[in-house]
Amino acid sequence: MSNATEIHAEPFVDSLPQAPHATYLRVRRLIEVVVIVAFSPVLLPICLVVALVVMLDSGLPVLYFQDRPGKNGKLFRIAKFRTMTFQKTEVDKITVDNDPRITKYGVFLRHHRLDEIPQFWNVLCGDMSIIGPRPEPYFSAKEFSRTVPFYSERYSIAPGITGWQQVNQGHVNTYEGTCQRVELDRYYIANASLWLDIKIIFMTISTMVRGAKSR
């Protein structure tokens with residue numbers, strides 16, 4: 001596994017948005033754990049149904065794991081329901097719009113973000129938060145840290161299942177889109193609050209119901 005410090009090709013700069021207050025982060029962490037535990041009787045049956053759909057659609061395994069940099073660039077293994085055919089030669093290939101590797105029902109799962117449900121386990125483990133910058137594959141993050149201004153500032157807080165960037169922009173696979181992503185993430189870091197988190201949660205629910213932007 002590559003050393004996490006390699007991610008920081010660009011050091012933190014003086015323009016780093018003020019990090020969220022420690023009290024807010026502790027309160028948010030407590031709320032996240034309570035909410036996940038409280039909703040586990042609902043989440044677990046949904047997980048079983050999605051797992052069955054994935055298995056019938058494209059076989060085993062139903063889960064997909066990938067190393068991604070989290071807070072301070074520390075690598076962790078993110079969990080997702082598998083929505084693509086697995087080919088070792090394409091593990092590090094960026095997902096594009098209408099990617100032919102996406103399975104028949106994988107399109108639906110990604111469209112409604114159901115493939116992200118296993119990441120609630122990552123939240124319980126402390127690797128992620130429910131809300132924060134979207135963690136990207138190591139190979140992409142390492143490149144963006146070299147080429148995208150202020151990209152490494154995203155590592156100042158824990159990554160999230162959803163976030164301000166995710167609900168306002170959606171999936172991007174261009175340099176310009178990634179620059180916009182960073183600005184949206186920097187806005188969240190500078191303005192993080194429970195009220196903004198509540199707004200993001202409602203926007204996320206709306207996105208799940210009507211379908212996410214192309215992923």
Side-chain angles (χ1 to χ4, degrees), residues 25-68 70-71 75-87 91 95 97-137 157-171 188 194-215:
L25 293 176
R26 286 194 292 269
V27 171
R28 188 179 72 167
R29 173 64 180 165
L30 176 61
I31 292 174
E32 287 176 341
V33 172
V34 170
V35 167
I36 293 174
V37 172
F39 279 87
S40 58
V42 176
L43 290 172
L44 290 176
I46 294 176
C47 284
L48 291 175
V49 172
V50 174
L52 180 61
V53 169
V54 173
M55 185 175 65
L56 294 176
D57 184 32
S58 55
L60 297 173
V62 298
L63 292 176
Y64 171 70
F65 298 93
Q66 186 180 58
D67 290 335
R68 300 195 178 189
K71 186 176 181 180
L75 294 180
F76 71 98
R77 291 184 68 78
I78 196 171
K80 300 179 68 174
F81 280 116
R82 187 171 56 81
T83 58
M84 306 174 74
T85 57
F86 178 75
Q87 299 181 34
V91 169
T95 305
D97 294 341
N98 301 315
D99 198 307
R101 295 173 297 165
I102 300 176
T103 62
K104 179 180 177 182
Y105 291 104
V107 173
F108 176 85
L109 296 179
R110 295 167 72 92
H111 192 59
H112 294 281
R113 293 188 173 178
L114 296 174
D115 58 320
E116 314 283 2
I117 294 177
Q119 287 158 42
F120 284 110
W121 175 252
N122 289 118
V123 176
L124 287 178
C125 291
D127 296 321
M128 295 179 66
S129 290
I130 292 177
I131 299 172
R134 181 67 188 157
E136 296 188 288
I157 63 174
I161 300 175
T162 187
W164 187 243
Q165 178 274 326
Q166 294 92 309
V167 296
N168 282 284
Q169 184 187 36
H171 177 72
Y188 176 75
L194 292 178
W195 292 114
L196 182 56
D197 290 344
I198 292 172
K199 180 177 180 178
I200 292 171
I201 290 296
F202 278 104
M203 293 175 71
T204 300
I205 294 173
S206 176
T207 298
M208 293 180 67
V209 172
R210 57 184 170 80
K213 298 177 182 179
S214 179
R215 297 174 59 217

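- Residues Tyr188 and Gly132 come closest through the heavy atom pair CE2-CA, 4.3 Å.
- When the options Lys104, Arg110, His111 are evaluated for a side chain to side chain contact (heavy atoms under 4.5 Å, CB included) with Thr83, the one that passes is Arg110.
- Taking all atoms of both residues into account, the shortest heavy-atom contact from Leu124 to Arg29 is O-NH2, 3.0 Å.
- If you take CE on Met208 and OG1 on Thr162, they are separated by 9.0 Å, rounding to the nearest 0.5 Å.
- Pairs of residues two or more places apart, or lying in two chains, never qualify as side-chain hydrogen bond (donor to acceptor under 3.5 Å, both in side chains) while including a residue from residues 32-44.
- At a threshold of 4.5 Å between non-hydrogen side-chain atoms, the residues Asn168 and Met203 count as touching.
- In this structure, Asn122 contributes its side chain and Ala79 its backbone to a donor-acceptor pair below 3.5 Å.
- Scanning all heavy atoms of the two residues, the minimum distance from Pro137 to Gln66 falls at CG-OE1, 3.4 Å.
- Atom NE2 in His112 sits 11.0 Å away from atom CZ in Arg210 (nearest 0.5 Å).
- For the atom pair CD (Glu116) and CG (Leu114), the distance works out to 9.5 Å, reported to the nearest 0.5 Å.
- Between Gln169 atom CD and Trp164 atom CH2 the span is 12.5 Å, to the nearest 0.5 Å.
- With values rounded to the nearest 0.5 angstrom, Leu194 atom CG is found 5.0 Å from Ile31 atom CD1.
- The two residues Pro135 and Ile78 make their nearest non-hydrogen contact at CG-CD1, 3.8 Å.
- Between atom CD1 of residue Ile117 and atom CG of residue Leu109 there is a gap of 8.5 Å, rounded to the nearest 0.5 Å.
- Across every non-hydrogen atom of Pro133 and Ala158, the tightest pair is CD-O, 3.6 Å.
- With a 4.5 Å cut-off on side-chain heavy atoms, Gln119 and Lys80 count as touching.
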Contacts under 3.5 angstrom, residues 45-63 side chains, donor-acceptor by atom type, not counting sequence neighbours:
from: Asp57; atom 1: OD2; to: Thr103; atom 2: OG1; distance (Å): 2.7
from: Asp57; atom 1: OD2; to: Tyr105; atom 2: N; distance (Å): 3.2
from: Ser58; atom 1: OG; to: Val54; atom 2: O; distance (Å): 3.4
from: Ser58; atom 1: OG; to: Arg82; atom 2: NH1; distance (Å): 3.1
from: Ser58; atom 1: OG; to: Arg82; atom 2: NH2; distance (Å): 3.0

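- In this structure, the side chains of Ile131 and Leu196 stay at 4.5 Å or more apart for every pair of heavy atoms.
- For the pair Thr204 and Gln166, the minimum side-chain heavy-atom distance is 4.5 Å or more.
- With no hydrogens or angles considered, no side-chain donor-acceptor pair links Thr207 and Arg113 at under 3.5 Å.
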